Amino acid sequence: MDRGTDRAEQGTASEPAEPGRVPLAVVVVDRDGLVSHWSRGARRLFGTPKEEAIGRTALDLLPVSGALPEEQDTSYDAFDGLGPDLESSLDGGLSYPAAGRARLTAPGDGRVDVLWWAYPLVGPGPERLLVLAADAEGLRAGDGTFERIAPGFALHTDFPGSEDLARRLPEILPSMSVGESARIVGQILELGYPILEFSQNDRVPVTPDWGVARRAERKARRERAARALAAGEPVPEELRDEGEDLEYAAVRERLEFLNEVSGRIGTSLDLSRTIIEVSRAVVPRFTDVAGTYLREQVVAGEEFADGVPDTTTMWHRVAVEHTDEPGRWDDVVPVGEAMPFPAHTPFFQCMTSGEPVLVPRISEEMGHAIAAQFEKRDIRPLITGRSMLVVPLKARNVVLGFMILLRHPERPVFNDMDRVTGAELAARAGLVLDNARMYTFQENVAETLQDSMLPHIPPRMAGCDIATRYLPGTQLGRVGGDWFDAVKLHGGRTAFVVGDVMGHGLNSAAMMGQLRTAVQTMAGLDLPPAQLLRNLDDLAQRLGDTYLATCLYAVYDPIAGELHLANAGHIPPVLVRAGDGRSELLDLPTGAPIGVGGVPFEAVRVRVEPGDRLVMCTDGLVEVRGEDIGVGLATLCESAAHPAASMDDACDTIIRALNTRGGRKDDVALLMVRLGGIEPDDVAEWRLALDPAEVGRARAAVREQLHEWGLAKLVAHAELMAGELVTNAVRHSHARPVELRLVRGDTLLCEVDDDDHELPTLLSAGPLDEAGRGLRVVSTLSREWGTSRTKAGKTVWFELTLPRR
């Protein structure tokens, strides 16, 4: 490092800067985020010796705050935040240069306001980032008249010195080969060298030993070259370099704009937010008005047929961004309107060709033709005389929509370079929109799939009230393997199940659907809980070795006041006692998960009282990474016992208590049941001998009991159907007496048991057929009916809706 460089780096934080020359701290960060070069200026500015800085993490040594505190000096008030903060650059999250400022605690008791620039470095070398920093207070000390000090980048400024930068910058970089130095210098010249903006018209480059040129003379030369280029005249020889610089600057400006737009759009996969980002990215820098139209199917998240759009294609206006006075466009071209476009319009030409359409000025005639599409609205004052560029929003050769860009008459018209810029802008925006569209479509598919797989359980079943909740995994999409269900059984009983397929995503959801269907089928056969889990385990092994799931199965008998439960590797349920409000985890034999095979399952019976509550959930609710599951289970017991006005409120209390702890990534299924029971006075039972004469006795007993319950309106149908079922039972029973039971709950339930294992079927009885008429009558008159096997034989039942009181 020579003396010039040494002088440039020895400026302290308190020294004023000489005009055109600013002391710099120079830091190089390698691909592991470690400091590989730490200049003398860095030591003076940040207060860390070189020997302590080399090899340390850059984030530990450099300020990372992108904003200053509120008590900042007024000279910073105009700063609008150039680029992201330094932390993003240090983390390797940026592929373009960034600039900003930060405040850090200086050695001693003071604070230092730092201006910084970060250059990403690419290539085969180990260097990943070059950071330059300067003391803002030291700059201000030289001249207190600045209105603003802001760091930035300049590809072309009013200063000569590119050759000086190429000559001087390698001297302050770490020792490396000539080729490596040239590579880094080339990247900085390509990305833009650092500048300080003291006001809107006064820019000073920040490089060691750079002098300030005579800006007035240089500005005049550029203006002469610009006038020649604008008039289409040849640029004089003495101004040729200026003309080439202007053309190059225009190209670079367009590239900077496209890079800026690319960084501002696509921050979300939400379609609506993406549309707003695209619209706001081009107004007002590129255009004064931007109207975005999308295909109807794109807005709806649906697929559409291949092929070129036609005059029947409906286009939704999804955004209108402009610099006109507020509300000027709202009534004439409201967002949300859908319309087709005739073939003679430039919009139709754009959407069918997939290429931009440039109209330098909208004439009166064209303005009238465009306005003809808007019934009872005159759009001509808004568009006539303006320059228009229509660009297609397309991805994968499919036109998703288009943007109508308009400039005010006093602004330069769109030109061919704008057409190219607009096409590139639309291509990038179209790809972002297509990604958002596909994500929205997949989200809709996942949501539809999940909703179709989750049961729609009524809030009230025989002797119990039910409430459920399902929460998808926060980072794993809306589809998962957790499920719950409630299955109606004969005898007024209800089966409850909660399960969790191991894994996430569509595969787990598909497995869950199969296992849930199997549970419903086996529950309908009234298999005991342990036997049901045994059969489900056998099924999972036949389906494949990837089928693993936990499952908790419980049968509630509201007449007996009993729960019959079996567990397959699931977390235990919580029972909240109505009497004292005490909650407890039920101690069940755990069992192995479904699909392990070869492990027995055991069932237990638990006495319950009316008003008790049963809470069943999956482990996603109580399990948090890094925390013992016992903490979650204890919180579950505590929150389940909390008094609540309704079942829904009780569920919400549990969710709030457990879902706000953070760290949850798994699905959550929650099922809560208030066990209301059925009073003995609402149950009537009779034993009937195997004698056809008992049919008349059965009808009389039903008639008398319904009158006693005040259900006289149901007598005619109930005694007729009960007589048909008893007739069949007496005819087919072998030895055991027939049992008849009536249960008054939310409905009137009638059951007939016999010892014949053959289930009756509904037949198509003809006018002269004697068989099959009984079940046909039951099927026609009842609200619901069914059959199921029992240990001793079978049960045939029907329900009738209770009359309104």
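These numbers come from a predicted model, not from an experiment.
Across Pro356 and Pro392, no two heavy atoms sit closer than the pair N-CD, 3.8 Å. Heavy atoms only, all atoms of each residue included: Met351 and Val399 are closest at O-CG2, 3.5 Å. Closest heavy-atom contact between Leu389 and Gly422: CD2-CA, 4.3 Å. Nearest heavy-atom pair, Pro360 versus Val413, reported as atom, atom and distance to 0.1 Å: O-CG1, 3.5 Å. Contact record, His316 with Ala338: NE2-CB, 3.5 Å, taken as the closest heavy-atom pair. Taking all atoms of both residues into account, the shortest heavy-atom contact from Ala118 to Leu129 is CB-CD1, 4.1 Å.
A cation-pi contact, defined as under 6.0 Å to the ring centre and within 45° of the axis, is absent between Arg386 and Phe414.
Around atom CD of Glu365, no more than 12 heavy atoms belonging to other residues, nucleotides or ligands sit under 6.0 Å away. Atom CD of Glu325 has more than 12 heavy atoms from other residues, nucleotides or ligands within 6.0 Å. Under a cut-off of 6.0 angstrom, the local environment of NE2 in His344 is crowded, with over 12 non-hydrogen atoms contributed by other residues, nucleotides or ligands.
Once rounded to the nearest 0.5 Å, the distance linking CD1 of Ile404 with CD1 of Ile383 reads 9.0 Å. In this structure, CZ in Arg317 is found 6.0 Å from CE in Met339, a value given to the nearest 0.5 Å. Note that CG of Leu393 and CG of Leu433 are 6.0 Å apart. Values are rounded to the nearest 0.5 Å. Rounded to the nearest 0.5 Å, atoms CD (Glu296) and OH (Tyr293) are 14.5 Å apart. Annotation: the span from Met403 atom CE to Leu425 atom CG amounts to 6.5 Å, rounded to 0.5 Å. Note that OG1 of Thr421 and CG of Leu405 are 11.0 Å apart. Values are rounded to the nearest 0.5 Å.
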TODO: Carefully, step by step, assess Thr468 and Leu670 under the rule side-chain contact (heavy atoms from CB on, under 4.5 Å).
DONE: CA-CA 5 Å; Thr468 61; Leu670 171 66; over 6 Å; no
Open item on the list: Run the side-chain contact (heavy atoms from CB on, under 4.5 Å) test on Leu621 and Arg469 for me, step by step, so that the C-alpha distance in whole Å, both residues' side-chain angles and the decisive distance to 0.1 Å come before the verdict.
Closed with: CA-CA 11 Å; Leu621 183 62; Arg469 292 291 185 274; over 6 Å; no
- [ ] Go through the steps for Val131 and Tyr119 under the test side-chain contact (heavy atoms from CB on, under 4.5 Å), then give the verdict.
- [x] CA-CA 6 Å; Val131 179; Tyr119 291 91; over 6 Å; no
Open item on the list: Determine whether Leu382 and Arg328 satisfy the following criterion, side-chain contact (heavy atoms from CB on, under 4.5 Å), listing intermediate values before the conclusion.
Closed with: CA-CA 9 Å; Leu382 293 176; Arg328 186 180 182 191; 3.1 Å; yes
- [ ] Begin from the C-alpha positions of His408 and Thr323 and carry the test side chain to side chain donor-acceptor pair (under 3.5 Å) through to its verdict.
- [x] CA-CA 10 Å; His408 290 308; Thr323 58; 3.2 Å; yes
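Between Phe348 and Phe402, the ring center distance fails the sub-6.0 Å criterion.
Residues Val359 and Met366 have side chains in contact (heavy-atom distance under 4.5 Å, counting atoms from C-beta outward). Proximity of Leu294 to Trp315: side-chain heavy atoms (C-beta onward) are nowhere separated by under 4.5 Å. When side chains are defined from C-beta on, Arg419 does not count as touching Val391, because their heavy atoms never get closer than 4.5 Å. A 4.5 Å side-chain heavy-atom check between Asp416 and Leu358 finds at least one atom pair inside the cut-off.
Side-chain contact annotation: Thr312 with Asp310, donor-acceptor N/O pair under 3.5 Å present. Side-chain N/O atoms of His322 and Thr287 include no donor and acceptor closer than 3.5 Å. Side-chain contact, Tyr470 with Asp667: a donor N or O sits under 3.5 Å from an acceptor N or O. Looking only at atom types and distance, the side chain of Asp649 has a donor-acceptor partner in the side chain of Ser646 under 3.5 Å away. Neither side chain, Ser639 nor Thr653, offers a donor N or O lying under 3.5 Å from an acceptor on the other.
Side-chain N or O atoms of Arg407 include none that pairs as donor or acceptor with a backbone N or O of Asp288 at under 3.5 Å. Asn435 places no side-chain N or O within donor-acceptor distance of the main-chain N or O of Val432, the cut-off being under 3.5 Å. In this structure, Lys394 contributes its side chain and Gly354 its backbone to a donor-acceptor pair below 3.5 Å. A side-chain donor-acceptor contact under 3.5 Å links Thr345 to the backbone of Pro342.
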